[in-house]
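Small disclaimer: the values here were computed from a predicted structure and weren't measured. Both backbone and side-chain heavy atoms feed into the values below; hydrogens, waters and symmetry mates do not.
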Amino acid sequence: MQQRKDEQEATAAKTTLRLLEKTVKDMLVDQGRLVEVPYTATLGDTMNALVANKVVALPVAAPPGQWIGAGGSMILESDKQTGAVRKHYIGMVTMLDIVAYIADDDGSNDQTTDVANLEKKMMVPVSSIIGRSFEGLSLWTLNPNTNILDCMELFSKGIHRALVPMDSQMENIQGVELVESASSYKMLTQMDLLKFLKDHASELGEILSSSIKEIGCLNQNVYAITDRTKVIDAIKCLRTALLNAVPIVESSNDFEEDHRQLVDGEGRKPIGTFSATDLRGCHLSALQTWLPLRALEFTELVSRSPLFASKEGVSAPKEMVSCQPQAALAEVIEKIVSKHVHRVWVVDEQGLLAGLVSLTDIVGALRVSLLSKIDVM
């Protein structure tokens with residue numbers, strides 16, 4: 001009996017090792033061409049591109065020799081035959097960069113001014129707002145031959161995406177680089193990695209049956225806004241804390257709280273989610289009208305946007321994706337991939353917030369578990 005058990009464990013270990021031999025290239029098989037915006041594109045044009053391509057970030061391209069790349073990076077696109085440099089990727093613009101810029105009112109608390117200035121802000125070149133979020137301060141590439149564990153190391157540090165050179169002209173390089181030259185690139189994201197791991201769940205063995213609490217990916221620090229917080233103040237909260245999303249909780253009648261500020265969400269009743277991603281679905285005219293509304297009302301309105309419609313073309317109220325601390329990691333990954341969300345709110349048996357699980361948390365915990373498994377093989 002023991003011999004049979006040992007054989008099964010050895011087989012499972014070999015299966016996991018085979019998975020870990022996979023590379024970034026294997027995760028990009030179904031990826032399309034890279035979508036980008038020129039450095040001269042206005043913020044309005046950039047938001048239109050985000051909407052059209054249903055993405056939350058885009059690389060920004062500029063002529064070579066005129067810019068310093070984000071974080072000192074030098075990511076170049078060059079002609080495959082001649083090697084002549086065609087463009088320089090100077091950074092990545094994300095929805096959080098745009099949100100941070102919209103919220104930047106130079107100390108003014110005049111909400112009327114916020115609305116009046118929005119159209120003017122949408123006319124600035126996208127190159128001027130790169131780096132307003134933490135991730136925008138650097139631009140990363142991952143060599144296509146990078147193995148899964150090294151890829152997970154990058155994504156476990158809060159980096160959400162990286163460019164991948166498909167025919168790198170840099171020799172003998174694996175892993176993460178700030179200097180790169182290639183004739184074409186693709187984008188790999190945390191979500192792509194999780195989708196790949198979900199598709200290879202059988203090769204991860206018992207790791208995915210562990211609860212999120214056991215495996216250590218439950219983050220108990222959760223900040224929130226209340227159901228009385230207005231959209232413009234919610235945007236400012238995201239900017240201040242460099243968060244991509246916050247839960248909306250029921251306001252309390254038992255004590256005074258400032259609805260313009262983030263509150264401690266632990267033990268509060270979540271009733272919705274306010275996300276920077278939601279702003280993709282807003283036309284400029286609509287956003288101007290919605291800034292003074294309460295964030296909860298905004299989420300209900302934006303859920304009726306065509307961008308969030310189902311495949312049948314029917315818009316539905318936006319679902320708040322949640323789980324309990326005892327939920328298996330496989331269940332949480334399934335929710336993230338199927339609902340295409342970047343975090344899951346964790347609630348207790350009474351439905352009160354107990355924390356959250358982000359893609360970064362999951363990738364980090366999975367990597368630690370896989371390394372531990374390798375050590376005992």
* Asked: Does the side chain to side chain contact (heavy atoms under 4.5 Å, CB included) test come out yes or no for Val346 and Val357, once each step is laid out?
  -> CA-CA 7 Å; Val346 181; Val357 180; 3.7 Å; yes

* Quick one: do Leu188 and Leu193 satisfy side chain to side chain contact (heavy atoms under 4.5 Å, CB included)? Show the steps, please. => CA-CA 8 Å; Leu188 184 74; Leu193 172 61; 5.6 Å; no

* Show the numbers, then the answer: is there a side-chain hydrogen bond (donor to acceptor under 3.5 Å, both in side chains) between Asp278 and Ser275? => CA-CA 5 Å; Asp278 293 342; Ser275 170; 4.7 Å; no

* Derivation of the side chain to side chain contact (heavy atoms under 4.5 Å, CB included) call for Arg260 and Cys237 -> CA-CA 8 Å; Arg260 296 171 301 175; Cys237 287; over 6 Å; no

* Asked: Stepwise, does the side chain to side chain contact (heavy atoms under 4.5 Å, CB included) test hold for Leu359 with Ile336?
  -> CA-CA 8 Å; Leu359 272 65; Ile336 283 174; 3.8 Å; yes

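Counting only distance, with no hydrogens or angles, the side chain of Thr82 and the backbone of Ala84 share a donor-acceptor pair below 3.5 Å. Side chain of Thr229 to backbone of His259: a donor-acceptor contact under 3.5 angstrom is found. Side-chain N or O atoms of Glu36 include none that pairs as donor or acceptor with a backbone N or O of Ala61 at under 3.5 Å. Although no hydrogens or angles enter the test, the distance criterion places no donor-acceptor pair under 3.5 Å between the side chain of Asp199 and the main chain of Phe196. Gln66 places no side-chain N or O within donor-acceptor distance of the main-chain N or O of Pro63, the cut-off being under 3.5 Å. Without hydrogens or angle criteria, Asp26 side chain to Thr23 main chain gives a donor-acceptor distance under 3.5 Å. Here the side chain of Asn53 pairs no donor or acceptor atom with the backbone of Leu50 at under 3.5 angstrom. Looking only at distances, a side-chain donor or acceptor of Ser209 sits under 3.5 Å from a matching main-chain atom of Glu206. For Glu77 (side chain) and Val85 (main-chain N/O), no donor-acceptor pair under 3.5 Å exists by modelled atom type.
At a threshold of 4.0 Å, the pair Arg294-Asp227 does not count as salt-bridged, since none of the basic side-chain nitrogens sits closer than that to a carboxylate oxygen. The pair Arg18-Glu203 does not meet the salt-bridge criterion, since no charged nitrogen lies less than 4.0 angstrom from a carboxylate oxygen. Glu250 and Lys269 are not joined by a salt bridge, as no carboxylate oxygen comes within less than 4.0 angstrom of a charged side-chain nitrogen. Salt-bridge check for Glu334 with Lys198: passed, with a basic side-chain N closer than 4.0 Å to an acidic carboxylate O.
Counted by atom type alone, Glu21 and Asn147 present zero donor-acceptor pairs between their side chains at under 3.5 Å. Side-chain atoms of Gln190 and Thr360 form a donor-acceptor pair, as typed in the model, at a separation below 3.5 Å. Arg367 and Ser156 form no side-chain donor-acceptor contact under 3.5 Å, judged by distance and modelled atom types alone. Looking at Asp192 and Thr189, their side chains do bring a donor and an acceptor atom within 3.5 Å of each other. Side-chain contact of Asn143 with Thr146: a donor-acceptor pair under 3.5 Å is absent, judged by distance alone. One side chain, Asp167 or Ser183, offers a donor N or O that lies under 3.5 Å from an acceptor on the other.
Counting heavy atoms from C-beta outward, Asp361 and Leu356 have side chains that approach closer than 4.5 Å. The shortest distance between side-chain heavy atoms of Ser127 and Ile90 falls below 4.5 Å. With contacts defined as side-chain heavy-atom distances shorter than 4.5 Å, the pair Leu28/Val164 qualifies. Using a 4.5 Å heavy-atom cutoff, the side chains of Asp45 and Val37 are not in contact. Counting only heavy atoms from C-beta outward, the side chains of Met320 and Pro270 approach each other to under 4.5 Å. Using a 4.5 Å heavy-atom threshold, the side chains of Leu194 and Ile362 count as touching. At a threshold of 4.5 Å between non-hydrogen side-chain atoms, the residues Pro165 and Pro144 count as touching. Val249 has its side chain out of reach of Ile271: every pair of non-hydrogen atoms, C-beta onward, lies at least 4.5 Å apart.
Once rounded to the nearest 0.5 Å, the distance linking NZ of Lys186 with CG of Asp30 reads 8.5 Å. Here OG1 of Thr226 is found 5.5 Å from CD of Glu257. Values are rounded to the nearest 0.5 Å. Here the straight-line distance linking atom CG of Leu329 with atom OG of Ser211 works out to 9.0 Å at 0.5 Å rounding. Distance check: Ile130 CD1 to Ser128 OG gives 8.5 Å after rounding to the nearest 0.5 Å. We find the CH2-OG1 distance between Trp290 and Thr299 to be 10.5 Å, quoted to the nearest 0.5 Å. Rounded to the nearest 0.5 angstrom, Leu163 CG and Ser184 OG are separated by 11.0 Å.
Placement of Val222 and Leu352 in two distinct hydrophobic clusters is found when ILVMFWY residues are connected by side-chain heavy-atom separations under 4.5 Å, directly or transitively. Both Leu154 and Leu371 sit in one connected hydrophobic cluster of ILVMFWY residues. Membership requires side-chain heavy atoms under 4.5 Å apart, directly or through other members. Hydrophobic clustering keeps Ile68 apart from Leu76 (ILVMFWY residues linked when any side-chain heavy atoms are closer than 4.5 Å, directly or through intermediates). Taken together through direct or relayed side-chain contacts under 4.5 Å among Ile, Leu, Val, Met, Phe, Trp and Tyr, Ile235 and Tyr223 form part of one hydrophobic cluster. Tracing side-chain contacts under 4.5 Å through hydrophobic residues (I, L, V, M, F, W, Y), one reaches Ile148 starting from Met191; they form part of the same cluster.
Closest approach of Tyr89 to Leu34, counting heavy atoms only: OH-CD2, 3.7 Å. Across every non-hydrogen atom of Ile225 and Ala295, the tightest pair is CD1-CB, 3.7 Å. Here the closest non-hydrogen pair linking Gly91 and Leu139 is N-CD2, 3.8 Å. Between Met92 and Ala57, the shortest heavy-atom contact is CG-CB, 4.1 Å. For the residue pair Ser181 and Ser78, the shortest heavy atom distance occurs at OG-OG, 3.1 Å. The two residues Gly355 and Leu218 come nearest to each other via the heavy atoms CA-CD1, 4.2 Å.
Paired with His340 under the rule side-chain contact (heavy atoms from CB on, under 4.5 Å), one option of Lys195, Lys54, Lys335 passes, and it is Lys195.
Both the sub-6.0 Å distance and the 45° axial angle are satisfied by Lys121 relative to the ring of Tyr101.
For Arg343, there are no salt bridge (Lys or Arg N to Asp or Glu O under 4.0 Å) partners, not counting sequence neighbours. By the side chain to side chain donor-acceptor pair (under 3.5 Å) test, Tyr185 pairs with no residue at all, sequence neighbours left out. With sequence neighbours left out, His88 forms a side chain to side chain donor-acceptor pair (under 3.5 Å) with no residue at all.
For CD of Gln220, the number of neighbouring non-hydrogen atoms (other residues, nucleotides, ligands) closer than 6.0 Å is 12 at most. Surrounding CD of Glu349 are at most 12 heavy atoms belonging to other residues, nucleotides or ligands under 6.0 Å away.
Under the 30°/60° scheme for interplanar angles, the aromatic rings of Phe298 and Phe274 are found to be tilted.
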